[in-house]
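To start, the structure itself, in structure tokens.
Atoms considered below: every heavy atom in the structure, side chains included; atoms not considered: hydrogens, waters and symmetry mates. Computed from a predicted model, the values in this text were never measured in an experiment.
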Protein chains: 2
Amino acid sequence: MTTPQRHSWKDIRDRIHARILDRTYRPGDKLPHDEDMAQTLGCSRSTVQRAMQDLSESGLVERRRKGGTHVRPEPVARVTIEIPIIRKEVEDLGQRHGYQLLSRAALPPPAEIATRMELSAHVPCLHVRALHLAQDRPYLYEDRWINLQTAAEIDSVDLCTISANEWLVLNMPYTRCELRFFALAADADLAKALHTSPNTALFAIERTTWIDTQPITTVRTIGAPGYQLSAST
Amino acid sequence: MTTPQRHSWKDIRDRIHARILDRTYRPGDKLPHDEDMAQTLGCSRSTVQRAMQDLSESGLVERRRKGGTHVRPEPVARVTIEIPIIRKEVEDLGQRHGYQLLSRAALPPPAEIATRMELSAHVPCLHVRALHLAQDRPYLYEDRWINLQTAAEIDSVDLCTISANEWLVLNMPYTRCELRFFALAADADLAKALHTSPNTALFAIERTTWIDTQPITTVRTIGAPGYQLSAST
DNA sequence: AGAGATAATATGTAGCTACATAATAATTTG
DNA sequence: CAAATTATTATGTAGCTACATATTATCTCT
């Protein structure tokens, strides 16, 4: 055997991960230094570093210069959720997407909205309410406010043919996003729009985006009964 | 100027990102090759590659060998959520954590649970129900099933002093996790446990973990009224 | 024209050297 | 002894070379 064996960073990562899984290294334990591991595992330090970068990004280990690398003392479940364009979400379910613009008006934002967007109350906003359908049944209801100072072009967009959701995603890149997930009880309007009875428990997502310090939009998206969000690692 | 200027991958990433934000490169557009960018930006290809790795991992761009790098054609909102140990979650809110074991029994799992866990119905499981408090008020209710073949040691753990949630996180590393978020209406038991009225809309998280192909646990965690999950980028 | 095989290519990587830097440990000072 | 300063160190990185590999383009054959 004259050719030196190359080790991929994924192999190295998986070998370290296996030591965590079999509890050789437990939460809070210190792992050997990169240099020592490289020697033990027969690869270069930069390969160990690359492997550790991935383990660190997945939240399994914590790394500090000079302090070394530790298995995370208090493990968290970490999961990445992707929220696609709504039309795409429906289509990926193999269903026909439908869309209804329910209302559109240029209005000053109510105090709660202004607060959420970190916006002063006299900035002109576009208020859009819409319903997304899957196989002609209500799927998601959207109540959205758009800052007309940041996204002025949307004022001339025909929101009967493209949803504000889709137009914004395609045209307004953002640097900051705040999300929250919660449950709410349907009021009369919502119950009517989503074809359910008042007080039904509904799943809601609130999302606010900014480009640098400028608010773009805030939206409350409410799922029809049974809507859920899934993720896996 | 005789010393060559070094560019950090973060600078390079931010400069590329800025071109996406100012819409020089729009969704679906092809970015210049790494080698060309390295020349234009005055750094090495490996530095561009490192920058692109980050942009790709954040979901902004898609990279294919030979095909090149494109701004993601249909952008998604991508967010990473961390779910800590419940005790820690309460403490991080600056509140006093309390815990009540409501019930504990070794039982065969009902069909729905067995399905969720990808488990056969005669595998012995531990069924644990518990309530977590914040400042002596109900915070989260947990209904959990634990596979006694995978996590046999939990059978001898005193679950009055440490929650199953915490014990499992610290002692049962997992390789696979499935999560879903949804809303539900409180039944009589739940309403009583969470000090609310029947049919209140509640936020629920269901989480199932496996180590390799072996199911470890499945849990339905239900928040008290007003509970929400937040995340930001 | 379509299918299959081959060639080319742009990203992905291993390993190396040299350097940078955050943070920990050791030493010095009052 | 505590606080401040300095030294050390383990991770983080830039840039390079050589190589690997998934995928796209091109060519050949029927």
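- Under a 3.5 Å cut-off, the side chain of B:Asn147 and the backbone N or O of B:Pro215 do form a donor-acceptor pair.
- The distance between the ring centers of B:Phe181 and A:Phe203 does not fall below 6.0 angstrom.
- Under a 4.0 Å N-O distance rule, the pair B:Arg63/B:Asp34 qualifies as a salt bridge.
- D:dA20 atom C1' lies 14 Å from atom CG of A:Asp11, rounded to whole Å.
- In this view, A:Arg50 satisfies the salt bridge (Lys or Arg N to Asp or Glu O under 4.0 Å) rule with no residue, not counting sequence neighbours.
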Review point. Nucleotide by nucleotide, 5' to 3', does protein get under 4.0 Å of the base (B), only the sugar-phosphate (S), or neither (-) in nucleotides 9-17 of chain D, counting heavy atoms?
Key: BBBBBSBB-
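- Residues passing the salt bridge (Lys or Arg N to Asp or Glu O under 4.0 Å) test with B:Arg65, sequence neighbours excluded: none.
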